[in-house]
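Proteins come first, then strands; the chains are lettered A, B, ... in the order of their sequence lines, and each starts at number 1. Since the model is a prediction, treat every value here as computed from it, not as a measurement.
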Amino acid sequence: MALLFRSTLIQLLTKTTRPMLMTMASTGRRNMSSHSKETDEEFDQRWKAYFERPNIDGWDIRQGINHMNRLDLIPEPEIISACLQACRRVNDHSLAVRYLEAIRYKSNAVSKEVWPWILQEIRPTLNQLGVSAPEDLGYDKPELALKSVDDM
Amino acid sequence: MNNLLLRHVKLTHPQVTSMLQYQCRLNASTTTTTTTTTAGSKSVIQQSPIVLDNTKPPPPLDADRMRMHPRIGNREIVGYGLKGKPEYFDLVMFPCPSIRWEADTSEIAELRKKEKGDWKQLSTEDKKRLYRASFRQTFEEFTAPSGIWKWTMGWTLIALAGLILAYDGWRRVAYPFETPDSFGEEKLKKQLQYHIAARQGPMTGLSAKWDYETGTWKK
């Protein structure tokens, strides 16, 4: 599983350095298949627009989160912020925490440095909305010891 | 009757449906949640969550709920889930299940009203209570290592040892060894005499301990 996310780490690093290195031309991406020739920015824009809809409801947010979780990438901080704003609009704080937990789990599969970076990037949104990160609730360690569903 | 898990039975007969409703209500009214919201290292076993709130009228039966009614009780359906069925699940691949974990009791309704306001007003306890109302386990909990590998290793080795012992036992039973006559006392004595006469082990072995001048063992 870690092999799938190698490209996302490089993607993240290139994205942070883009303002500094103007010569970095990573706009076009060519695929072997003719499936989609969507660039990274288009992808980001599409998902941001999806979550920024003013009358989005909980159903669509959950659909979006589940769908995006299946993809072989960790969402950009902008997409994460848009999703958290959407959670705020539907007044569901636990959903926001769950989303952050999912991203934390995924990013820890890649490397230990990704999650602190993501947290740092979305900290303004977290402070503005009052969303707690999983660490603030103590959910970076297991709290309850419940029987696993597989053992029932 | 409580041991017969009716929730495992497909709802086909109206009589079974009412039995299932009865059992759901029984479960809900006699159990309480014992979740602790302290961040200590005490491990608490959570009893059944409040799935059905008897004080509320039954929820309106829409298409989603009718597929599973009354299995999910009063719990709110919030999403698509895995395949459109209103079931709860904790999966790494799909963080958002289709229903909340607990039914909306009055206590939780209060918290939800608070949730509509500023989230900075919610205390950590409130937030944790809300989370547990929507979800059964956190990511860390259901991805925690279960330690089953110790059981697997242990039982594998025990089974292996058992098989080896069984094999050995079978060989002892199936292939009995009648000792030949050269194992008898007289013949063994003769063999020893021959060994000493042939100077077997002259330096550090057998014959080194035999005194050839006196014809006895060395002192």
Given that the side chain runs from C-beta out, which part of A:D140 has a heavy atom under 4.5 Å from chain B: side chain, backbone, both or neither?
backbone
Which atoms of A:E101 come close to chain B, meaning under 4.5 Å heavy atom to heavy atom: side chain ones, backbone ones, both, or neither?
both
At what distance, to the nearest 0.5 angstrom, does NE2 of A:H67 lie from CZ of B:F94?
10.0 Å
Assess whether a salt bridge exists between A:D136 and B:K128, defined as any Lys/Arg side-chain N lying under 4.0 Å from an Asp/Glu carboxylate O.
no
Where is the tightest heavy-atom contact between A:S94 and B:L130, given as atom of each residue plus distance?
OG-O, 3.3 Å
Counting only heavy atoms from other residues, nucleotides and ligands, does the tally under 6.0 Å from NZ of A:K141 exceed 12?
no
Does any N or O in the side chain of B:K120 come within less than 3.5 Å of the main-chain N or O of A:Q128, such that one atom is a donor and the other an acceptor?
yes
List the atom of B:P95, the atom of A:I65, and the distance in Å for their closest heavy-atom pair.
CG-CG2, 3.8 Å
So, taking the atom named OH in B:Y80 and the one named CG in A:N66, what distance separates them when rounded to the nearest 0.5 Å?
11.0 Å
Would A:V149 and B:R136 count as a side-chain contact (heavy atoms from CB on, under 4.5 Å) if you check the C-alpha gap in whole Å, the side-chain angles of each, and the deciding distance to 0.1 Å?
CA-CA 11 Å; A:V149 192; B:R136 178 178 183 249; 3.8 Å; yes
Can you find a pair of side-chain heavy atoms, one from A:V97 and one from B:K127, that are under 4.5 Å apart?
no
I'd like to know whether A:V131 forms a side-chain contact (heavy atoms from CB on, under 4.5 Å) with B:W119, so could you lay out the CA-CA distance, the side-chain angles of the two residues, the decisive distance to 0.1 Å, and finally the verdict.
CA-CA 7 Å; A:V131 176; B:W119 283 348; 3.3 Å; yes
Assess whether a salt bridge exists between A:D92 and B:R100, defined as any Lys/Arg side-chain N lying under 4.0 Å from an Asp/Glu carboxylate O.
yes
So which residues of residues 138-158 of chain B are in contact with chain A at a heavy-atom cut-off of under 4.5 Å?
B:T138, B:F139, B:E140, B:E141, B:F142, B:T143, B:A144
Heavy-atom distances under 4.5 Å only: say whether A:R88 touches chain B with side chain, backbone, both or neither.
both
Which donor-acceptor pairs under 3.5 Å do side chains of residues 175-188 of chain B form with protein atoms, sequence neighbours excluded?
residue	atom	partner	partner atom	Å
B:D181	OD2	B:K187	NZ	3.4

Residue selection (most heavy-atom pairs with chain B, distance under 4.5 Å) from A:R70, A:R104, A:H93
A:H93
Counting only heavy atoms not in B:E110 (residues, nucleotides, ligands), do more than 12 fall under 6.0 Å from its CD?
no
Pick from A:S148, A:S132, A:P134 with the largest number of heavy-atom pairs that fall under 4.5 Å of chain B:
A:S132
side-chain contact (heavy atoms from CB on, under 4.5 Å) between A:L137 and B:T124, worked out:
CA-CA 6 Å; A:L137 297 179; B:T124 316; 3.6 Å; yes
Where B:D90 and A:R98 come nearest, the two heavy atoms and their spacing:
OD1-NH2, 2.7 Å
Value rounded to 0.5 Å, distance of SG in B:C96 from CG in A:L95:
5.0 Å
Check whether any side-chain heavy atom of A:L144 lies under 4.5 Å from a side-chain heavy atom of B:R132, and answer yes or no.
yes
Run the side-chain contact (heavy atoms from CB on, under 4.5 Å) test on B:R112 and A:N91 for me, step by step, so that the C-alpha distance in whole Å, both residues' side-chain angles and the decisive distance to 0.1 Å come before the verdict.
CA-CA 8 Å; B:R112 293 225 192 276; A:N91 303 318; over 6 Å; no
Would you mind reporting whether B:V78 and A:W59 have side-chain heavy atoms less than 4.5 Å apart?
no
